[in-house]
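Beneath this line is the structure, given in structure tokens, with notes to follow.
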Amino acid sequence: IKQAGMKVRDFAEFIQANQILDDLYEITKKYEKMDSKEKIIFLMEAEKVFKAFDKVPSMLWEDEYQKYTKILDIYRDIKIVRWNER
């Protein structure tokens with residue numbers, strides 16, 4: 001891990017974020033039915049994933065790119081809707 005230029009803690013966070021990524025990906029399929037509390041939770045969890053994935057080389061998660069992109073798209077949609085509501 002250190003030879004790849006990563007901190008052990010960052011790698012551990014990445015492993016946890018990978019599980020969250022899978023969970024969030026399943027939730028994206030039900031995006032239209034989420035209430036506002038669920039959307040806020042989705043945003044918070046997605047931010048954890050984004051931070052953890054930013055700390056590791058992209059080659060570690062290139063297999064998860066499709067899921068990451070889908071979550072990012074939903075994240076942006078929710079943020080835009082929330083911004084427009086204000």
Side-chain angles (χ1 to χ4, degrees):
I1 295 172
K2 289 186 178 187
Q3 288 179 348
M6 294 183 295
K7 296 179 183 174
V8 174
R9 182 177 182 185
D10 292 343
F11 186 72
E13 287 176 8
F14 168 73
I15 298 297
Q16 292 173 339
N18 219 342
Q19 180 59 46
I20 295 170
L21 179 82
D22 291 337
D23 295 341
L24 290 177
Y25 184 73
E26 289 302 315
I27 293 170
T28 62
K29 298 173 185 175
K30 305 170 190 171
Y31 164 66
E32 298 297 327
K33 298 177 184 175
M34 280 195 273
D35 64 27
S36 40
K37 283 185 181 181
E38 291 170 323
K39 289 179 181 178
I40 291 170
I41 293 169
F42 182 92
L43 292 175
M44 293 185 326
E45 293 299 308
E47 288 171 0
K48 289 180 191 176
V49 170
F50 301 148
K51 287 178 187 175
F53 275 52
D54 283 344
K55 294 178 183 177
V56 298
S58 59
M59 68 181 187
L60 284 180
W61 55 274
E62 61 189 15
D63 293 341
E64 303 294 336
Y65 183 76
Q66 180 183 8
K67 291 178 186 176
Y68 184 92
T69 309
K70 179 70 175 176
I71 291 167
L72 182 59
D73 289 343
I74 299 295
Y75 177 87
R76 288 179 184 155
D77 289 348
I78 294 171
K79 289 293 251 185
I80 289 170
V81 168
R82 288 179 47 108
W83 182 75
N84 285 334
E85 289 175 351
R86 292 183 184 177

- Taking the side chain as every heavy atom from C-beta outward, state whether K37 and I40 have any pair of such atoms under 4.5 Å apart. no
- Item | same_hphob_cluster(W83, I78) at 4.5 Å side-chain heavy-atom cutoff | no
- Message: Within the 4.5 Å heavy-atom criterion, are K39 and Y31 side-chain neighbours or not?
- Response: yes
- Item | Passing candidate, side-chain contact (heavy atoms from CB on, under 4.5 Å) with K70, options L21, T28, L24 | T28
- Task: Would you mind checking if R9 and E13 are paired as a salt bridge, meaning a charged N to carboxylate O distance below 4.0 Å?
- Result: yes
- Task: Could you pull out the closest heavy-atom pair between V56 and D10, with the gap in Å?
- Result: CG1-O, 4.1 Å
- Item | Considering all heavy atoms, the nearest K79-E47 contact | NZ-OE2, 4.2 Å
- Item | M6 vs L60, side-chain contact (heavy atoms from CB on, under 4.5 Å): CA-CA, chis, key distance, verdict | CA-CA 11 Å; M6 294 183 295; L60 284 180; 3.6 Å; yes
- Query: Between W61 and Y65, how do the two ring planes meet: parallel, tilted or perpendicular, split at 30° and 60°?
  - Reply: parallel
- If every non-hydrogen atom of L43 is compared with every non-hydrogen atom of R82, which pair is closest and at what distance? CD1-CD, 3.7 Å
- Query: When you check the gap from the basic side-chain N to the acidic O, do K67 and E64 get nearer than 4.0 Å?
  - Reply: yes
- Distance (rounded to the nearest 0.5 Å) between S36 OG and F42 CZ: 15.0 Å
- Message: Distance check, rounded to the nearest 0.5 Å: R76 atom CZ versus D73 atom CG?
- Response: 6.0 Å
- Out of curiosity, does L72 fall in the hydrophobic cluster containing I20 (side-chain heavy atoms, cut-off under 4.5 Å, transitive links)? yes
- Message: Quick check: is I74 connected to I41 through a chain of hydrophobic side chains (ILVMFWY, heavy atoms under 4.5 Å apart)?
- Response: no
- Taking atom NZ of K33 as the centre, does the number of heavy atoms from other residues, nucleotides or ligands within less than 6.0 Å exceed 12? no
- Hphob cluster co-occupancy, I15 + V49, side-chain heavy atoms under 4.5 angstrom: yes
- Item | Heavy-atom pair of closest approach, residues I71 and A46 | CG2-CB, 4.0 Å
- Query: Can you check ring-ring contact (aromatic ring centres under 6.0 Å, His included) on Y75 and F50, steps first, answer last?
  - Reply: CA-CA 11 Å; Y75 177 87; F50 301 148; 5.2 Å; yes
